[in-house]
2 protein chains.
Amino acid sequence: MTNLQERPNATTLEQARQQHIGRLLHRAARAYNVLALEKLHAQGHTSLSLAHTNLLPHLDTEGTRIVTLAERAGMTKQAAGQLVAELETHGYVERQPDPADGRATRVQFTAAGWQYLLDAQETKRAIEDEYQAELGHPLWEQLNEALHRLLGDAPSSR
Amino acid sequence: MTNLQERPNATTLEQARQQHIGRLLHRAARAYNVLALEKLHAQGHTSLSLAHTNLLPHLDTEGTRIVTLAERAGMTKQAAGQLVAELETHGYVERQPDPADGRATRVQFTAAGWQYLLDAQETKRAIEDEYQAELGHPLWEQLNEALHRLLGDAPSSR
DNA sequence: CTAAATAGACAGGCTGCTTTACTATGGCGT
DNA sequence: ACGCCATAGTAAAGCAGCCTGTCTATTTAG
């Protein structure tokens, strides 16, 4: 597959051009997502995509309206509505008319949705444990602090 | 826009559920990309999208074949071919038949392409300087080391 | 009671890929 | 020299995950 005479010293050269923090962050984020999705699929949540797992954490326990969901996830309500519809057909959430507002629908977890929450929580912890083991505690803390500082939010009351 | 009675204590609760390393990495990567693309647009490279800036660094100085490009960027050759076509119409690269292989075409930078390379290099350095100023030197180094370790590659002979 | 705002759905479009063909050229074995 | 398969690239269609623009139903404010 690899064409050898194509790159004399090119590979190392190009790698140097690639080594910037943006790509590192991107690759790290991808790696995390791949890992997490793998674990979730292994736990039986095979119909979930990244888009779904990005949306679900914004759904809170009392149920959430679609606009609110969209706002939190940083997308349009149309996009949120579509993802909710998909999650509904897969049985993770259900839509119920909001008793307080006839225009609104509340999106709520089903039993399967709750199970997902538990599994997702465990997956997250498992990965963070792996990462911590890989890096050692101080470096792990430093990674977290650096990211929080770059994003300009509080280092998460820890 | 914000519906206040919608979230009593929900926001903080949900934020806690969101605080995992995957989301941090994702947000950080996004922030970098947005910044970089902004700077490049400001420098006149207004027709470039992320897909293009992801592909261009894989093009090396002697010219590169499309398959090689695809391989390096981790996409199909069709996708690479399409992006190259777009880059060609915007004047960043040009296609030339490979003298050594009648099936192949070499994709090469044009003058505008070289200019882009310089601008991109500067952009990258500018952002990394900003980040370093934000974090301080030791934390910056630690961030880099942590990411390299997580990705399992050498911490870049530095 | 009317006017403006809001919740959501529906339709269509866009980007950045993918899969599934297909053509053209190259290199190998016999 | 011939046939055969591998390889470089193109073409067409599809799909995910969004977007904008528009519409209806309902609520709220004056």
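Chain identifiers are assigned alphabetically (A, B, ...) following the order of the sequence lines, protein sequences preceding nucleic acid strands; residue numbering begins at 1 within each chain. The model shown is predicted, which means the values in this text are computed figures rather than measured ones.
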Who are the ring pair (Phe, Tyr, Trp, His ring centres under 6.0 Å) partners of B:Tyr131, not counting sequence neighbours?
none
Under the salt bridge (Lys or Arg N to Asp or Glu O under 4.0 Å) rule, what pairs show up with a residue in residues 76-91 of chain A, not counting sequence neighbours?
A:Glu88-A:Arg95
Reading nucleotides 11-24 of chain D from 5' to 3' and marking B where a protein heavy atom lies under 4.0 Å of the base, S where only the sugar-phosphate is that close, and - otherwise, the string is B-----SBSBB---
Between D:dT26 atom P and A:Arg103 atom CZ, what is the distance in whole Å?
10 Å
Under 4.0 angstrom between B:Arg95 side-chain N/O and D:dT10 OP1 or OP2
yes
For A:Gln115, the side-chain contact (heavy atoms from CB on, under 4.5 Å) test, sequence neighbours excluded, returns A:Leu118, A:Asp119
With sequence neighbours excluded, what pairs up with B:His90 under the ring pair (Phe, Tyr, Trp, His ring centres under 6.0 Å) test?
none
How large an angle, rounded to 10°, do the end axes of the helix from C:dC1-D:dG30 to C:dT30-D:dA1 enclose when each is built from five base pairs?
10°
Measuring to OP1 and OP2 of C:dA7, would you say a side-chain N or O of A:Arg65 lies under 4.0 angstrom away?
yes
With sequence neighbours left out, write down each residue that passes side-chain contact (heavy atoms from CB on, under 4.5 Å) with A:Ala31, or none if nothing qualifies.
B:Leu151
Who pairs with B:Gln132 by side-chain contact (heavy atoms from CB on, under 4.5 Å), at least two apart in sequence or on another chain?
B:His137, B:Trp140
B:Leu69 has an atom CG; how far is it from atom C1' of C:dC17, in whole Å?
15 Å
Residues in salt bridge (Lys or Arg N to Asp or Glu O under 4.0 Å) contact with A:Arg30, at least two apart in sequence or another chain:
none
Heavy atoms from other residues, nucleotides or ligands near NE2 of A:His52 exceed 12 (cutoff 6.0 Å):
yes
Only counting residues at least two apart or in another chain, list the ones meeting side-chain contact (heavy atoms from CB on, under 4.5 Å) with B:Ala36.
B:Tyr32, B:Thr123, B:Ile127
Verdict with reasoning, B:Leu40 to B:Glu122, per side-chain contact (heavy atoms from CB on, under 4.5 Å)
CA-CA 10 Å; B:Leu40 284 174; B:Glu122 201 205 303; over 6 Å; no
Separation of atom CD in B:Glu71 from atom P in C:dC17, rounded to whole Å
17 Å
What residues, two or more places apart in sequence or in another chain, satisfy ring pair (Phe, Tyr, Trp, His ring centres under 6.0 Å) together with A:His45?
A:Tyr92, A:Tyr116
Looking at residues 39-48 of chain B, who's got a heavy atom less than 4.0 Å off DNA chain C?
none
Would you mind reading off the distance between A:Arg30 atom CZ and C:dG16 atom C1', rounded to a whole angstrom?
13 Å
What is the distance from CG of B:Asn33 to C1' of C:dT15, rounded to the nearest Å?
15 Å
